[in-house]
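Everything below concerns the one structure shown next.
Order of the sequence lines sets the chain letters (A, B, ...), proteins ahead of strands, with each chain counted from 1.
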Amino acid sequence: MNEFDDHLTPAMTSRTRESRFRIVWVILVPLAAILFQVYLPRFMETLSYLELPLLTTVYFALMRRQPVAGGLIGASIGLVQDALSQHPLGLFGIVKTLVGYFSASVSQRFDVQNHGLRFILSFFFFVFHQFFFWLLSRALLGYTIDFNASQTMIFAFLNAVVAVPLFVVLDKLKEEGR
Amino acid sequence: MEAFLSRYRNLSVLLALVVGQLLLLAYQVRTNQDVRLIRVWFVSAVTPLAQLMEGTRSNTTGFVSTWLMLHDVQRENERLKQENGKLKIENNYLRTELAVAERAKALAIFQKTSPSKTVAARIIGTGTGINARTVYVDRGTRDGVERGMAAILPDGIVGKVVSSFPTASLVMLATEPSFAASVVSQKSRMHGMARGRGSAMLVVDNLSNLQKVEEGEWFFTTGEDRIFPRGMPVGPAHLIQEGNVVREVQVRPVALHQGLEEVLIVVEGVHGEIPGPDEPPSTEVSLLPPPPKTGTDDQTSTENSLAPGTEADQAIQKYKKLGEQQNFVFGTTMGRSLDANKAPPAPKPEAVKPAEAPKAEEQKPPSPPPTPPVKQ
């Protein structure tokens with residue numbers, strides 16, 4: 001190892017170091033997010049634009065930095081979401097599997113602690129999620145639903161705005177010393 | 001194969017996950033059946049939490065709303081208490097105003113029915129000094145009020161004007177030691193002078209022991225003092241003290257025994273009659289009796305006695321009578337005038353001015369019409 005590597009390694013380690021969470025948080029936080037989506041719009045209809053299960057999927061996938069783990073997290077959250085929806089099981093599952101997988105893949109290349117990057121990734125993966133959901137709905141189930149691009153962009157922005165402080169809160173759940 | 005999987009492990013897992021879910025989807029679509037078991041698991045896992053949240057929410061909301069409601073009730077209670085207090089004060093104020101209005105109405109009726117010309121005045125202050133029995137009223141020389149005029153109420157005499165200023169006058173109350181008014185008793189017709197003594201009572205002294213005065217007998221003004229019109233009630237005899245030659249009678253001035261707020265200043269007095277021995281004196285609105293008969297013309301006298309009390313009204317009636325007697329039609333007979341000397345003089349009420357009245361009348365500006373006694 002030369003002098004250059006000595007300088008580079010700590011930065012690289014910090015950037016690529018995966019975060020670990022207690023298993024209870026990994027279960028409870030997505031569950032709470034799903035509950036939030038199921039329960040809260042009943043009383044506050046304006047909050048129905050929030051896709052909290054997606055944001056938690058993105059967060060845990062980014063923090064784990066492992067595409068397989070990200071894919072599994074996404075698949076789990078997606079399937080639970082499917083179970084509570086009117087769709088056949090698997091629709092949200094497939095989309096969130098892809099989101100989790102690609103989020104984890106992206107996190108291996110970038111510093112995901114950066115708020116700006118978190119904002120951009122949240123925005124991007126929301127659009128990705130909505131687009132693939134629409135695509136799979138049409139392709140696999142034959143649903144004739146429209147893709148409202150402008151509305152999707154606005155909702156993506158709002159979700160990204162919520163994602164930044166939400167991720168900061170979720171950062172507190174990370175296990176220390178790992 | 002194993003090497004391929006280990007090299008493309010991530011992609012393989014992704015493909016497995018996606019394909020597995022695609023197969024699940026395909027199965028559901030193809031069989032048109034739901035994977036009920038998975039749904040039951042997840043729904044069973046999630047709905048208790050939702051129930052817990054709903055229970056927490058409803059209880060919290062209920063508690064908060066009850067607390068807020070109680071908080072509001074407390075505030076509402078405070079507000080209502082304050083409002084109640086305000087309404088009580090307003091009620092008291094309105095009651096006072098009503099009493100004032102009733103008094104004002106009584107004064108107005110008295111003013112209207114009294115033959116004397118009066119000006120209603122409101123008491124605005126008292127004279128200086130500890131035992132001052134003088135009050136300031138809000139009528140002065142501008143309103144025709146002059147020194148020496150009588151201050152009365154429907155109930156009786158109040159006092160007399162001792163100083164007159166442009167906008168106010170000082171009225172000496174009847175209880176002031178230097179006050180005196182000529183009075184006569186209702187039944188025995190005993191004349192005397194009612195004087196103030198600085199107490200709540202007036203004293204009528206120098207009454208002969210030969211004549212009897214009963215307790216409760218009313219005293220009226222005689223008009224001889226040229227201040228008070230004849231026949232104004234003063235008050236009932238309260239205490240009679242017998243002396244060797246003369247007796248002294250304490251008279252309770254009824255007009256002063258109520259709270260004084262307004263008085264009537266007699267700017268042009270007309271004498272009335274003293275009520276007969278059996279006539280109970282009225283303590284409410286006092287109506288002066290008709291002017292005394294002169295006896296020459298019964299008809300005229302009777303009509304005059306029933307005529308309205310002001311001099312102007314009586315003069316109008318007198319000239320109407322004269323016109324009828326002489327076949328004189330007012331406003332149409334040209335070249336001929338009414339001979340007022342031929343006709344017997346109609347009984348004319350005796351107009352009395354205060355002591356300085358004749359002199360004052362020359363300088364006095366025309367009196368303004370009586371104004372309502374209540375001013376806000």
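Side-chain contact, B:Asn10 with B:Ser12: no donor N or O sits under 3.5 Å from an acceptor N or O. For the residue pair A:Gln130 / A:Gln151, no side-chain donor-acceptor distance below 3.5 Å is found, with atom types taken as modelled.
Across A:Val68, A:Leu98, A:Leu91, the residue that shares the most heavy-atom pairs under 4.5 angstrom with chain B is A:Val68. Highest contact tally toward chain B, considering only A:Ile34, A:Leu79, A:Val95, is held by A:Leu79 [criterion: heavy-atom pairs under 4.5 Å].
Only the side chain of B:Val29 comes within less than 4.5 Å of a heavy atom of chain A; its backbone N, CA, C and O stay farther away. With a threshold of 4.5 angstrom between heavy atoms, A:Leu89 approaches chain B through its backbone and through its side chain. For chain B, no part of A:Leu136 is nearby; none of its heavy atoms comes within less than 4.5 Å. Interface residue B:Leu22: backbone and side-chain heavy atoms are both found under 4.5 Å from chain A.
A donor-acceptor pair is defined here as one N or O able to donate and one able to accept, closer than 3.5 Å; such a pair exists between the side chain of B:Ser164 and the backbone of B:Val145.
Taking the six-membered ring where tryptophan is involved, the planes of A:Phe119 and A:Phe123 are essentially parallel, since the angle between them stays under 30° and well short of 60°.
Two rings, from A:Phe167 and A:Phe60, have their centers 6.0 Å or more apart.
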